[in-house]
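Remember, predicted model here, so these are calculated numbers, not experimental data. Every chain is numbered from 1 and lettered A, B, ... according to where its sequence line falls, protein lines coming before strand lines.
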Amino acid sequence: MIPEDVQELYTRLLGEELSFEPELGPLVPSETLLELAGGLKALGFQFLVYCASAHFFAEGEQPEVCMTTYRVRRLGRGTVSVAFHLRVPYGTATPSLVPIWAGADWQEREQFDLVGARFEGHPDLRRIMMPEDWEGHPLRRDYPIDTPHFPWR
Amino acid sequence: MSFALSLLTGVVLGSLAMFVAAWSIWWERKFAARLQSRPGPTEVGPIGLLQPLADGLKLMQKEIIIPRAADKLLFVISPAVAAAGTLALFAVIPWSETVGVAGDLNIGLLWIFAVGALLVLPQWVAGWASNNKYALLGAMRSAAQSVSYEVPLLLSGMVPILLAGSFQMDEIVAAQQGGRWFAFWPPGPGALAFGLFYLCSLAEANRIPFDIPEAESELIGGVTTEHTGMIGVVLQLAEYLHTLVTAAVCATLFFGGWEGPGAWFGMEGFLAEGLHWMVLKTLVLFALVFWIRWSWMRYRSDQLLKICWHYLIPASLALLAVTAIWVRLVEGA
Amino acid sequence: MKTLDIGGVSVPAELVKSSWADPWLDIDDYDAESDLMALNMGPQHPSTHGVLRVKLFVDGEICVKCVPYLGYLHRGVEKLCEKLTYVQIPSVVDKNDYVSPMMNELAVCMAFEKLCEIEVPERAQVIRTVVAELQRLASHLLWVGTWGLDMGGAIGGGGTLFLHTFRERELVLDLFEDLTGGRFHYNHHTPGGQRHDLPAGWEASVKQVLTFIEGRLPEYEDMTDNRIFFARTKGVGVIDPVLLMELGVSGPVARASGIDHDLRRDAPYCVYDRVDLRVPVETGGDCYARFLVRMAEMRESIRLVRLLIDSIPPGPVVGAKMVKLPGAVKFKQKEWGSAYSAIESPRGELGTFVIGEPKKASPWRCKIRPPSYHLVSLLPYICPGEMISDIVVILGSLDPILGEVDR
Amino acid sequence: MSRTLPLWDALVATLRNVGRPMVTEPLPWHAARERKDRYRATFALVHNELGEEACIGCKMCEKICPSQVIDVVAGGRKESPVTGKKRGYCDDFTLDLNACLVCELCVQVCPEDAILMLRERTPVGFSREDLVLSMDRLYANEKPEALAWHSGSVFAEIQDPERGLTPPEEDA
C-alpha cells in the first residue's frame with residue numbers, strides 16, 4: 001500500500017508502473033538515486049529511518065554485489081514509510097545521500113565501515129565503529145570470524 | 001593566657017579539628033544514607049563509627065601518583081598549604097569563654113576573611129600543577145568563584161561587626177549575650193546577613209549547589225582530578241575543614257557562640273553557656289550544609305557568577321547600609 | 001503558537017532555525033593563535049553514559065566543535081546474528097540496549113515473525129505490551145536518576161535522586177525476575193511468543209508496584225522542579241525539529257521538539273491499536289521539555305499497564321509453530337526475503353531489518369536500527385556554542401545507551 | 001506554565017526518606033537474599049527417576065548454545081544396566097560459565113531434562129578455571145530443593161503456570 005504521489009514519482013523516474021510492498025521497495029539505478037531521494041523529500045519524507053547494506057556473493061556471471069537499502073518515512077498520524085534500494089557491484093561507489101538527509105552521514109559511514117559499501121560525495125567517509133587501522137569490513141560474508149585477523153588483539 | 005598555654009591549646013585543637021573533620025565524614029555519610037533510604041557504613045565498629053580509621057588506613061597504603069608532566073613541588077605542597085591555611089582559621093574561633101587559641105585577637109574576623117581568601121591559592125595551584133585540562137578548568141572556575149564570592153561574604157560579615165562594634169570574636173559573642181543573637185535580633189538585617197553569609201560560605205567552601213570547581217560529572221573532580229592517595233585526601237579534608245570552620249564562624253557571628261538558650265530565661269550554668277553549645281550549633285549548621293548538598297543540583301559556573309554579581313553583592317551592600325542606619329538611629333552608637 | 005507544516009507534522013515555528021551548527025567545521029587545533037583547547041571527554045568520563053568519546057574543541061568553556069568517536073563497545077552483534085539461528089538471536093541482542101533488554105528481544109522477534117510468517121497468540125501479544133510498558137517505566141526511571149547525576153553530581157543532590165529512582169526501578173526488575181528468572185538479561189521473547197508464562201499472582205504484584213511508583217513520581221518532581229534545575233535545563237540544548245527528522249531521531253527527544261510521532265500510535269504493533277494512547281508532546285525543544293515528556297510517558301505507561309493487566313486473555317503464550325531446536329524456525333520461502341519491523345523503545349524507534357536466505361535458519365543480514373545511534377549523531381550539530389557543563393546535561397537528556405550505539 | 005519553583009521542596013523530599021524503611025540490605029554474610037522461584041544462576045546435571053545419568057549425549061545443548069560454552073563428548077549407545085534397553089551416554093560434559101549468557105536455552109532443548117538450572121548463586125572463583133563446570137561438578141550440583149522453575153522438554157505444556165511450578169522429579 002503506497003500513496004499515490006510516491007507511486008507517481010516512482011513511475012516518472014523509473015519508467016514503469018511499480019507494484020511492490022513498501023517493505024522492500026524498488027531497485028533504483030544509481031544515476032536516478034539522487035533525483036528520487038530529492039523527490040521523496042519534497043513529498044514530505046523528511047525522516048531517514050536507516051540505511052543498510054548487505055554483501056552478496058557472485059551468482060553465475062554477475063559480480064559480487066552490495067545492496068544498499070534506504071528507508072524514509074513521512075511522520076505523523078498517517079505514518080507512511082517507503083524503502084528503496086540499489087544494487088551495485090561490490091566496491092563501486094554509489095551516490096551519497098548526505099546532501100539530502102543530514103542523517104545519511106553517520107548511516108553511510110557505518111555501512112562503509114562494516115559492510116564496505118562506498119558512497120561518492122560523502123564529506124567524511126571514514127571508519128566509525130572499528131579502529132582506524134582495521135583491515136577488512138567485518139560484515140562482508142567472506143570475512144572470517146574464527147581465524148585471527150589483523151589487528152585482533 | 002600565656003603563650004605556652006595557647007600553643008598547647010592550638011596543638012590540641014588543631015589535631016582535634018582533623019579528627020572532627022574525619023568523623024564529620026562519617027556523620028555526613030550516615031546522614032546522606034538516611035536521606036537515601038540506605039543504612040550507610042555499618043561494618044567497621046559499632047554503627048560504622050570506626051569507618052574513618054579504616055578509610056584512612058586504606059588511603060595511606062595507596063600509591064601517590066604524580067603525573068610525569070606535573071610540577072612536582074607545587075603538586076605535592078598545595079594540599080599541605082590548603083590544610084594548613086584552613087587550620088589557621090580555627091585559631092580565632094572562640095569555642096567557649098576559656099577554650100580557644102586566639103579568640104581575643106583584636107582583628108579576629110579580619111583574620112578569617114584574609115586567610116579564607118588566601119585559600120583559593122592552594123586550590124588554584126593544585127589545579128595548575130596537575131598539568132591536566134580538567135584540573136586546569138576546575139582551578140579557573142575555583143578562582144573565579146572564590147574571588148567573586150569573597151565580596152558579598154565580606155559585606156555580609158560586616159553586619160555583625162557593625163552590630164557588635166568590634167572585629168574581636170570574643171566581643172562579638174559578648175555583644176550577643178542575653179539572647180540578642182544577631183540572627184534574630186535586630187529582626188531583619190541579622191537574619192538576612194546570616195542567609196547571605198551562609199550562602200557565600202557554601203560557595204567559598206565549594207559545596208553544592210556551588211561545587212563547580214570539582215563538579216565530578218563534568219570535570220571528574222576538577223582540581224582534585226590528579227591528586228591520589230594521601231595528598232588527595234588532605235586536599236579534600238581541607239575542604240571539609242573549611243566547611244566546618246565556616247559553620248563555626250556562622251555560629252559565632254549569628255547564633256551567640258557558646259551561649260545556650262537557657263540564658264534567655266535567666267538560667268545559669270550548664271544550660272546557659274558552655275563549650276557544648278558552640279559545638280552543637282556548629283554541628284547543626286554543618287548538617288544543614290549536608291542536607292542542602294544531598295538535596296539540590298548544582299549551578300552552572302556562569303549562573304553562579306551572575307547570582308553573585310547581580311543579586312548578592314547589591315543585596316549585601318543594601319543590607320550593610322540598612323544596618324548602619326539601624327545602628328546609628330536605634331542603638332545610637 | 002505558530003506552527004509550520006514539515007513533512008506532514010506541525011512543528012513549533014520558533015524552533016525551526018535556518019541553520020544548525022556545522023559539524024565539519026575546519027579547525028586546526030595546533031594553531032597557537034586560535035586559543036582553542038582540545039578536550040577529550042571520555043571514553044572514561046562519568047557522564048558519557050558508557051564508553052563514548054567526545055572530542056571537544058573548547059574556547060574557554062564554550063564548545064566550538066564536537067566530534068564523537070564510537071566503537072569502544074562494538075561487539076559485532078550484527079555479525080553474530082548472521083551466524084546464529086533465529087531462536088538464538090534474542091538471547092544475544094539482550095545486551096544491546098542494556099537499560100531496556102525486553103525491547104531488544106521484542107524488536108528482533110517481531111522482525112523474524114514477519115519474515116518467517118509466524119503467528120503470535122493473543123495472550124503473548126498482551127503480555128508483550130505489558131512487559132514493554134513496564135520496561136519503558138524502568139528505563140525512564142533510570143534516566144531520571146542518571147540525569148540527576150549529570151546535573152547534581154554523584155555525591156550530591158543528583159546522587160540522592162539517582163538512588164531514589166533506582167529504589168523504584170528495583171521493584172520493576174523484581175517483577176521481571178518473578179516472570180523470567182533473570183534480573184537483566186531475560187531471554188523472555190522468542191519468535192512466536194514468550195518463553196515464560198505469567199507466574200501466579202503476578203498481575204496483583206504489578207498493580208501494587210504501579211501504585212507505589214505512581215506515588216513516588218511527584219517526589220522526583222519535588223526534587224527536580226526547582227530554581228536550580230530550571231536554570232540548568234530551560235533553554236539549554238534546543239533542538240530544531242527539522243534536524244531531528246533528517247537525522248532520524250525519534251522518541252521522547254523528537255516529541256519534546258514538537259514532532260507528534262509515536263510508533264505505538266502511528267504504526268501500532270502488539271495490542272497498542274486497542275488502547276487509546278495519549279502521546280505527550282512538548283514544544284520547548286530543550287532539556288526541560290525532554291524531562292517533561294519522559295515524566296508524562298512514565299505516567300502514560302502506568303496507565304497503559306493498568307488498562308491491560310486485567311484483560312490478559314487465557315491461552316498459550318507461544319504459537320503452535322514454536323519449536324525449540326536450533327534450526328527449527330526457518331525462512332521457508334524459496335526466494336530471498338526481507339522484513340523491517342520497528343517498535344517504540346524508550347529512546348525512540350528500535351527497528352530490525354532482516355534479509356532472509358531461502359530455507360535457512362539464520363538471517364543473511366540482520367541490521368539493527370538503534371535509536372541511540374541517531375541520538376549520538378545529534379551531538380556535532382547541537383553542542384557547538386554550549387558550555388561544557390551544558391554539554392553534559394544535553395548528552396544526559398538525550399539518553400543514549402552506548403551498548404546500543406556500538407552494537 | 002507559572003511555577004513558584006521553591007527550592008525547599010527538594011529539602012522536604014529528601015527529609016521525607018529518613019523515616020522510610022531502608023531498601024538496601026546488610027552485607028551478604030549477614031543475610032542472603034531470598035531467591036525467586038524462577039531465578040536461574042548455575043547449572044546441574046541430574047539423574048533420571050531410575051537413578052541413571054539422564055544425559056544421553058545428544059549434543060542438542062551444544063548446538064543451541066549461542067555463545068558455545070557447552071562441550072559434550074558423546075559416549076555412544078550402550079545397554080543400560082537398569083532397564084536393559086540400549087540408550088545413549090555422555091562421556092564428558094563441560095560448561096564454561098565465563099562466557100555463559102544464562103539464557104536457559106540448553107535447558108529448554110534438552111529432551112531428557114538432564115541439564116537444569118539452580119536458584120543457588122554461581123560459585124565465586126579466583127581463577128578462570130574455577131568457573132568451568134566439569135561433569136563431576138555439574139553432577140555434584142544436583143539439588144532438587146534448589147531447582148529453578150524449569151522449562152525443560154515439556155516446553156509446550158509448561159506454559160501452564162501451575163504445572164510449570166512443580167519440580168521435574170515429581171512431574172512424572
- Query: When the aromatic ring centroids of C:W202 and C:F176 are compared, is their separation below 6.0 Å?
  - Reply: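 No, they do not, as the ring centres are separated by 6.0 Å or more.
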- Task: Select one option (side chain, backbone, both, neither) describing which atoms of D:R119 are under 4.5 Å from chain C's heavy atoms.
- Result: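 It is neither, since no heavy atom gets under 4.5 Å.
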Interchain contact, [X] with chain D, by part (heavy-atom threshold 4.5 Å):
X      : value
C:H188 : neither
C:Y186 : backbone
C:L161 : neither

- Using a distance-only test with no angle check, is there a side-chain donor-acceptor pair under 3.5 angstrom linking D:R40 and C:N187?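 Result is no, nothing qualifies.
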- Query: Just wondering, do C:V120 and C:R128 contact through their side chains at under 4.5 Å, heavy atoms?
  - Reply: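 Sidechains of C:V120 and C:R128: in contact.
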- In Å and rounded to the nearest 0.5 Å, what is the OG1 to OH distance from C:T190 to C:Y86?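 Rounded to the nearest 0.5 Å, the OG1-OH separation comes to 13.5 Å.
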- Item | Minimum heavy-atom distance between D:P66 and C:L84, given as atom pair plus value |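 For D:P66 versus C:L84, the nearest heavy atoms are O-CD2, 3.7 Å.
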- Item | Heavy-atom pairs under 4.5 Å with chain D, option from C:H164, C:E221, C:K83, C:H185 with the top count |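 Highest number of heavy-atom pairs under 4.5 Å: C:H164.
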